[in-house]
Every structure is written in C-alpha cells, then in structure tokens.
There are 2 protein chains.
Amino acid sequence: MTLDALPPHQGGAEQLARLLAQALLAGHWQPGDVFPRELDIGKHFAVSRNQVRNALTSLTAAGLLERTAGRGTLVREVGDWHLLDPLMSEWMTGLVNLDPQLVRAIYAFRFSAEPVVAGLAAQAAQAEDIERLESAYAGMESSAGSVEARAEHAEYDVAFHDATYRASHNLVWRQMGHLLRPSIMALIHRSQHRTDTLDDSLARHRQVLDAIRSHDASAAETAAREVLRRTAIDLGIVS
Amino acid sequence: MTLDALPPHQGGAEQLARLLAQALLAGHWQPGDVFPRELDIGKHFAVSRNQVRNALTSLTAAGLLERTAGRGTLVREVGDWHLLDPLMSEWMTGLVNLDPQLVRAIYAFRFSAEPVVAGLAAQAAQAEDIERLESAYAGMESSAGSVEARAEHAEYDVAFHDATYRASHNLVWRQMGHLLRPSIMALIHRSQHRTDTLDDSLARHRQVLDAIRSHDASAAETAAREVLRRTAIDLGIVS
DNA sequence: GCTTGTGGAAATGTCAGACATTTACTAGAC
DNA sequence: GTCTAGTAAATGTCTGACATTTCCACAAGC
C-alpha cells in the first residue's frame with residue numbers, strides 16, 4: 001500500500017495523525033506490513049520530519065504501529081489496537097466506513113457492559129447526574145422530528161449514554177464513555193433513522209432515564225438492554 | 001512541589017516518563033498546579049530537552065498533563081486521567097503506595113465488570129483459552145506454598161484474570177486486561193498473603209476455571225464474584 | 001477610571017541539519 | 001557452506017535557532 005490513495009492534508013501533526021490513523025483503521029494496510037518511511041511521508045505531504053514523527057508517535061501510542069530503529073515501522077494487528085484510547089475514539093468517529101468487525105466488537109461490549117453501568121448509575125446518581133440525563137434526553141426528543149437534525153440527535157444520544165457512564169461515579173467506567181461516540185455515530189451511516197424507529201429508540205431511552213431517576217437498579221439494567229436491542233437493529237447487527 | 005524530592009534517573013525518556021508519572025500518581029502535585037518547565041526538568045536530571053519533551057508527550061497522552069504554548073504545563077485532575085492506557089497500568093504497577101482512591105475505583109470496576117466477563121468467557125472460550133487458564137491456575141497453585149514466591153504468584157494471578165478477559169473473545173474487554181496488573185500487584189503490598197487466605201483464594205479461582213471449562217455462564221459469574229469478594233478482603237476494602 | 005493597545009518576557013512548539021544507533025543484507029575470506 | 005566484516009537504510013537523538021502563544025505590565029486615549 002502506498003500513500004498515493006490518501007487525500008492531501010492541511011494543518012498540523014494532529015491532522016496528519018488522523019489521516020494516517022483513519023487509513024489504517026480502514027484497512028489500507030495489513031497487519032505486518034511495513035509502513036512508509038518518515039522521509040517519504042514528509043515528502044508526500046510536504047511537512048517536516050518533525051511533524052511526521054509527532055504523528056507517528058501518536059499512532060504508536062495507540063498501538064496501531066510498532067517502530068524499531070533500523071527495521072522501520074510495522075503495522076500491528078487489530079488485537080493490539082488500544083480501542084480505549086480517546087484518540088482512537090476520535091479517529092473512529094470521523095470514519096464513514098468503520099470496519100464491521102470493530103462495530104460489532106464495540107456493540108457486543110456495550111451490550112454486556114452498559115446494563116451493568118446503568119444499574120450502577122441508578123444506585124449512585126446524584127442530582128446533577130439526573131440533570132445531565134434529562135437535558136440530553138430533552139435534546140434527543142427535540143431533534144427527533146426532522147431528518148436534517150440527525151447529526152444533532154446523535155450528539156444528544158452520545159451525551160445521554162456518556163451521562164449514564166458518568167453517573168456510575170466510577171473513574172474507570174467514566175473513561176469508557178469515549179467508546180460511545182464512534183459506536184453511536186456509526187448509527188447515522190448505517191440506518192435510515194426513520195421516524196418510527198427514532199420514536200421507539202426515544203421511548204426506550206426514557207425507560208432508562210426513569211429507572212435511574214427512581215434509583216431502581218434492576219429496572220435500569222433491563223431498560224438499558226432494551227435500548228441496545230434497538231441499537232442492534234439500527235446497526236444492522238440483527239434484524 | 002519541586003523536583004528535588006525525586007530520585008535521580010538513569011536511562012532514556014521512558015525511564016524519565018515513569019519517574020514523573022509515578023510522582024504525579026503519588027499525588028506530589030495537585031490538580032491545577034503548574035508543572036516544572038522543560039528546561040528545568042532537563043537541567044535537574046541532566047538530560048536533553050528532547051528527552052524531556054518525549055517524556056512529557058507520554059504524560060500528556062495519558063491525560064496526566066495539559067500543555068499550552070505560552071502558558072506552560074498544568075496538572076490535570078484525576079477524573080481526566082486515562083486509566084485504561086496501558087502505559088498508565090505500567091506506571092501504576094511499579095508504584096508501592098498507589099492512591100487508595102484509585103485502588104478502590106479499580107476494584108469497584110472489577111467487581112461490577114468481571115462477573116460479566118467471566119460469563120462471556122464461559123460462553124466463548126475455546127480450547128486454547130481453557131489451556132491458558134489451566135496453565136495460569138497451575139502456576140498459582142505451585143507458588144502458593146512459599147512466602148518468598150509471592151511475586152511469582154501475583155504474576156500467575158494476573159495471567160489467570162487476563163486469560164479470562166481474553167477468553168471473552170471481545171476486543172474491547174481484552175484491552176481492559178491491562179488494568180488487572182496494578183490492581184493485583186497492590187495485593188502484594190496490602191495483604192500479608194497468609195497461607196490460609198491464599199488457599200481460600202485459590203479455591204475460588206478454581207471455581208471460575210471449572211465454570212468456564214464447563215461453559216456454565218451463570219456459575220462463572222457467581223464464581224468470579226466470589227473471587228472478588230476474597231480480593232476485597234485482601235485489599236482491605238472490606239473486613 | 002476604564003478601556004485599549006503595545007511591548008516584552010516566558011513558556012511551549014517547530015524547524016533543519018548533523019550525528020548516533022540499530023538492523024538487515026551483502027560480499028568476501030577461508 | 002559458514003562465518004565475518006562492511007555497508008546501506010531506517011529510526012532515534014542532540015543541538016541551536018527561531019516561531020508562536022500567552023500573560024502581564026505599562027502607558028495612551030477616551
């Protein structure tokens with residue numbers, strides 16, 4: 001794989017890192033492949049070697065690449081990727097065609113984890129957590145009508161689930177909220193977001209909100225599971 | 001807080017990064033504090049500015065620091081730390097006195113998550129997963145007798161739990177295995193690891209192994225919970 | 001007095017070039 | 001054939017200079 005297929009870039013090392021990371025996430029290189037050399041990348045994108053090194057440092061920290069002096073830069077396999085690195089979430093979010101394997105893995109994780117998180121949230125939620133949830137839910141409701149507001153709707157969706165993780169009041173679970181963004185953003189590209197499915201999704205989110213508000217842990221678990229069943233349909237994982 | 005209290009260092013930027021990270025994790029600086037400047041750090045440890053920048057880049061990527069041109073380097077609050085970054089796990093592992101707040105947060109996470117993971121593992125485990133679990137369990141068993149083998153025992157303990165996460169065959173859960181090391185290593189410093197508690201812990205691990213081996217998800221969940229109850233006692237979280 | 005702008009100091013960010021180190025491959029001696 | 005020395009090629013490191021951003025002090029003007 002060469003760099004020729006990649007679009008030009010504009011901006012600093014962060015932009016370059018995103019560009020290269022998304023190419024890797026999209027599968028332009030196979031695990032074990034040698035990645036282009038620093039100087040070639042710099043020449044191709046007309047940036048200094050410094051910028052290239054900064055970008056590659058990020059990709060290495062995210063577990064996408066493995067660099068060795070003398071040998072060069074190798075592409076690591078999917079199992080080594082740091083899917084929980086916030087940078088990864090950011091890169092995945094902007095990717096239109098995320099690898100279905102990844103979408104499914106993240107969904108399977110959420111399906112097993114999010115009910116537990118919702119249960120914890122029901123136990124630990126404070127007033128401000130409830131407020132965040134209500135505010136996010138209100139946003140989802142107000143943007144559910146129009147098709148053109150689907151991006152806005154997705155943002156409120158992310159905010160709702162993130163608020164759930166935060167309400168668990170556990171530092172580790174909270175960090176995991178980053179994973180939600182790419183997962184929910186994939187919904188935009190994979191589903192038609194028809195009005196009736198949106199209404200159904202909204203109703204299921206409301207169940208979660210109500211359960212957490214009334215501190216009913218088992219109800220929150222059940223409701224979260226129902227939300228994710230809806231999500232699975234919209235993602236095309238099940239019919 | 002100044003650098004004077006820190007021990008000298010030897011080696012590359014990675015060593016320096018570990019040193020500074022562990023000082024931060026130990027609470028030598030408060031959130032919002034200004035971190036020493038690049039040049040001062042370089043002068044103090046007698047390393048080039050390059051090394052300092054590389055080290056600080058790691059800490060920034062881990063969410064420990066926030067750097068802005070012109071302003072300087074600020075220490076971020078605990079809620080922003082990337083606890084799931086493998087580098088963080090590595091730094092935490094070597095820290096003798098990990099912040100009790102962190103130990104408790106990680107334990108609370110494990111207590112809520114690990115039963116689910118064990119359940120998934122029981123469903124998804126392949127032959128090689130069972131082998132890994134058995135091998136780790138055998139190691140725990142053989143190193144349970146002597147007090148001087150407690151470090152070795154901890155390694156097998158980590159391997160056992162890591163094998164559980166891997167057996168779930170989910171890319172996200174698998175990444176989370178990194179968190180186990182600091183959590184389990186904290187056991188060494190916080191408990192006497194007396195023989196009878198070790199035997200009890202061993203027996204509970206065996207229950208997990210047996211449940212996964214027989215693909216009994218609910219039994220695996222229960223058994224994992226029992227292991228963690230034992231862990232809570234050893235960590236001093238409950239009596 | 002309050003705002004506004006202007007300058008300088010101080011910090012991180014960037015660049016360019018040379019050099020160091022590691023690795024893999026190749027050619028030659030035996 | 002096998003071992004060894006040498007060479008090329010890649011990433012890693014150092015250094016010094018410069019760029020950029022931010023904050024602060026101070027003064028001009030309304």
Side-chain angles (χ1 to χ4, degrees), chain A residues 1-3 8-21 23-24 29-76 80 87 90, chain B residues 1-3 8-21 23-24 29-76 80 87 90:
Chain A
M1 178 65 195
T2 65
L3 296 167
H9 105 297
Q10 176 188 1
E14 292 179 12
Q15 294 292 327
L16 181 58
R18 162 182 286 116
L19 188 67
L20 297 174
L24 281 162
W29 281 273
Q30 295 298 314
D33 281 2
V34 300
F35 202 71
R37 301 167 304 207
E38 292 178 349
L39 294 174
D40 289 341
I41 299 175
K43 195 143 209 163
H44 182 78
F45 292 106
V47 296
S48 71
R49 190 180 166 213
N50 232 331
Q51 304 250 34
V52 176
R53 283 186 64 78
N54 288 339
L56 293 183
T57 298
S58 289
L59 302 204
T60 306
L64 293 172
L65 297 176
E66 179 185 359
R67 320 191 68 205
T68 324
R71 187 182 321 173
T73 303
L74 300 182
V75 177
R76 300 183 69 178
D80 294 326
L87 270 179
E90 194 185 321
Chain B
M1 179 65 194
T2 65
L3 296 167
H9 105 297
Q10 175 188 4
E14 292 179 11
Q15 294 293 328
L16 181 57
R18 161 182 287 117
L19 189 67
L20 297 174
L24 281 162
W29 281 273
Q30 294 299 313
D33 281 1
V34 299
F35 202 71
R37 299 167 305 205
E38 292 178 349
L39 294 175
D40 288 343
I41 299 175
K43 195 141 210 165
H44 183 79
F45 292 106
V47 297
S48 71
R49 193 181 163 210
N50 231 334
Q51 303 250 35
V52 177
R53 284 186 62 78
N54 288 340
L56 293 183
T57 297
S58 289
L59 302 205
T60 305
L64 292 171
L65 298 177
E66 178 185 1
R67 320 190 69 205
T68 323
R71 189 182 318 174
T73 304
L74 300 182
V75 177
R76 299 183 70 179
D80 294 325
L87 271 179
E90 194 183 321

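All figures in this text were calculated on a predicted structure; none of them were measured in a lab. Just so it is clear: chains get the letters A, B, ... in the order the sequence lines come, proteins before strands, and each one is counted from 1.
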K.L.:
Where do B/F35 and B/L20 come nearest, in terms of heavy atoms and distance?
P.N.:
CZ-CD2, 4.2 Å
K.L.:
State, to 0.1 Å, how close A/L16 and A/Q51 come at their nearest heavy-atom pair, and which atoms those are.
P.N.:
CD2-O, 4.3 Å
K.L.:
Measure from CZ on B/R37 to P on C/dA10 and round the result to the nearest Å.
P.N.:
9 Å
K.L.:
Mind listing the closest non-hydrogen atom pair of A/V75 and A/Q30 along with its distance?
P.N.:
CB-O, 3.6 Å
K.L.:
Using every non-hydrogen atom in the two residues, find where B/A21 and B/L64 come nearest and quote the distance to one decimal.
P.N.:
CB-CD1, 4.0 Å
K.L.:
Do B/D40 and B/K43 touch side chain to side chain, with heavy atoms closer than 4.5 Å?
P.N.:
no
K.L.:
Below 3.5 Å is the cut-off: list the nitrogen or oxygen pairs between protein and nucleotides 7-9 of chain C, distance only.
P.N.:
none

K.L.:
I need the minimum non-hydrogen distance between A/S58 and A/A17, along with the two atoms involved.
P.N.:
CB-CB, 4.4 Å
K.L.:
What is the distance from atom CG of A/D33 to atom CG of A/L65, rounded to the nearest 0.5 Å?
P.N.:
11.0 Å
K.L.:
Just the rounded figure in Å: distance from P of C/dG13 to CD of B/E66.
P.N.:
11 Å
K.L.:
Work out which heavy atom in A/R67 is nearest to a heavy atom in A/T73; give both atom names and the distance.
P.N.:
NE-OG1, 3.3 Å
K.L.:
Anything under 4.0 Å to a heavy atom of chain B counts; send over the first and last such nucleotide of DNA chain D, read 5' to 3'.
P.N.:
D/dT13 to D/dC23
K.L.:
Can you tell me if B/R53 touches the phosphate of C/dG13, counting only side-chain N or O atoms and a distance under 4.0 Å to OP1 or OP2?
P.N.:
yes
K.L.:
Side chain of B/R49, base of C/dG13: donor and acceptor closer than 3.5 Å?
P.N.:
yes
K.L.:
Measure CD/A/Q51 against P/C/dG13 and give the value in whole Å, please.
P.N.:
12 Å
K.L.:
B/N50 has an atom CG; how far is it from atom C1' of C/dG17, in whole Å?
P.N.:
13 Å
K.L.:
Between C/dT14 atom C1' and B/R67 atom CZ, what is the distance in whole Å?
P.N.:
13 Å
